[in-house]
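Order of listing sets the numbers, starting from 1, for every ligand and every atom in it. Keep in mind that the numbers below use all heavy atoms, side chains included, and drop hydrogens, waters and symmetry copies.
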Amino acid sequence: MPIAKKIKHYMESASWIRGMFEEGIRLKHQYGEDNVFDFSLGNPVLEPPLAFHAALRELLEHPQPGMHRYMPNVGYPETRGAVAAQLTKETGIPFTAEHIVMCVGAAAGINVVLKTLLDPGDEVLFFAPYFVEYHFYVDYHGGVANVVPTDANFDLDLEALEAALSRRSKVVLINSPNNPTGVIYPATTLKQIGELLHRKERQFNTQLYLLSDEPYKKLIYGGLTYPEIYPHHPNTMTVTSHAKDLALPGERIGYIAVNPECADLKDLISGMSFTTRTLGFVNAPALMQRVIVKLQGVTIEMSQYERKRNFFCDNLATMGYQLVKPQGAFYIFPKTPIADDVAVVKVLQAKNILTVPGRGFGTPGHFRIAYCVEDRTIERSMDGFRAVAKEFGLS
Ligand SMILES: Cc1ncc(COP(=O)(O)O)c(C=O)c1O
């Protein structure tokens, strides 16, 4: 067999989302695009803001000498400076270019951080439901994943975290707004997690790093202000990207921001520079780094996602589905009417509605809906959701 057994096993265990996406392509072929309701993949339907095209055009019309050459592995100083200035504006924390490492999207950022921090056997704790890829990233860098539950509202279960932390723990990985629940962790939870990590660092005489995965940071609703993690723990890093806030997932541009209060900051940044290079990314895409310099502070029109969320949640709730209304991102994670989430997903699939079973995110008994699709897809899917609700006796 050409593929390593481990990778083959990983591919099988993570096939839920891709499997549904491919099923969607098959069904669309059979029934026509308009008759298939594909909520399987978080691939935003919105186009980037006009300012993106203007910045790109400006660069192409006025190319700068050397703009396609190699650069420092952490990225262009002016890009890192622009990101730092925007972050300072948003957080009130004095970031400079020295705290920023440009990366090939948030996914690469997580890999760079884990590669830099983990010795073999070091533990990375993260919460279920989780972004499926976390398991693979941790394993690729010699770490051991330790999954901690969330509470009934998908907020972090800090008692469970306390019980799970040990001398072997190195990184606690959180994701807010969360994929797949859309939950935003409140400042009180973040404060408590900071206090807990501080206590545990003293108890074990170790350093614990908080890694916050924030690609949906700007996709928040109802006038909420994003609760920042930095003030609550010095050894904090965030990773994010412009995949969602500028609708540029294919362009693979993001950054890592290290808390200015973080211990051994210079070493950490040097480590990340090295791992960016040697993981084979080398540096984040040059053209996109130049484009996003001009787009700090610009985001797509969020009201469109908020409208889709409200329509979907209100209708599902009326039909009897139980759900925690998401505060951000573009996912809903309702309870399945029976415990067997795969069975429910199959019943939905028979109505040409494609969702992902909760067990794909470590939380069976739920299903994920990605609503970053056209309004008409959502509207036309309602009959199918209603029929399935009736079939399972919801009201
Ligand atoms: C929770 C979470 N983390 C990381 C990523 C990866 O983001 P990017 O496309 O910026 O690499 C995603 C993408 O969907 C995500 O949902």
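Each of G105, A106, A107, F131, N175, N179, D213, P215, Y216, S241, A243, K244, R252 has a non-hydrogen atom positioned under 4.0 Å from some atom of ligand 1.
Between V239 and L211 the shortest side-chain heavy-atom distance falls below 4.5 Å. Looking at heavy atoms from C-beta onward, L246 lies out of side-chain contact with P48 at the 4.5 angstrom threshold.
Judged purely by distance below 3.5 Å, without hydrogens or angles, the side chains of N315 and Y321 never pair a donor atom with an acceptor atom.
Annotation: cation-pi pair R309/F330 absent, no NZ/CZ under 6.0 Å from the ring centroid and within 45° of its normal.
The ring-ring contact (aromatic ring centres under 6.0 Å, His included) test with H135 is passed by exactly one of F361, F126, Y140, Y10: F126.
With sequence neighbours excluded, the residues that form a salt bridge (Lys or Arg N to Asp or Glu O under 4.0 Å) with D340 are R359.
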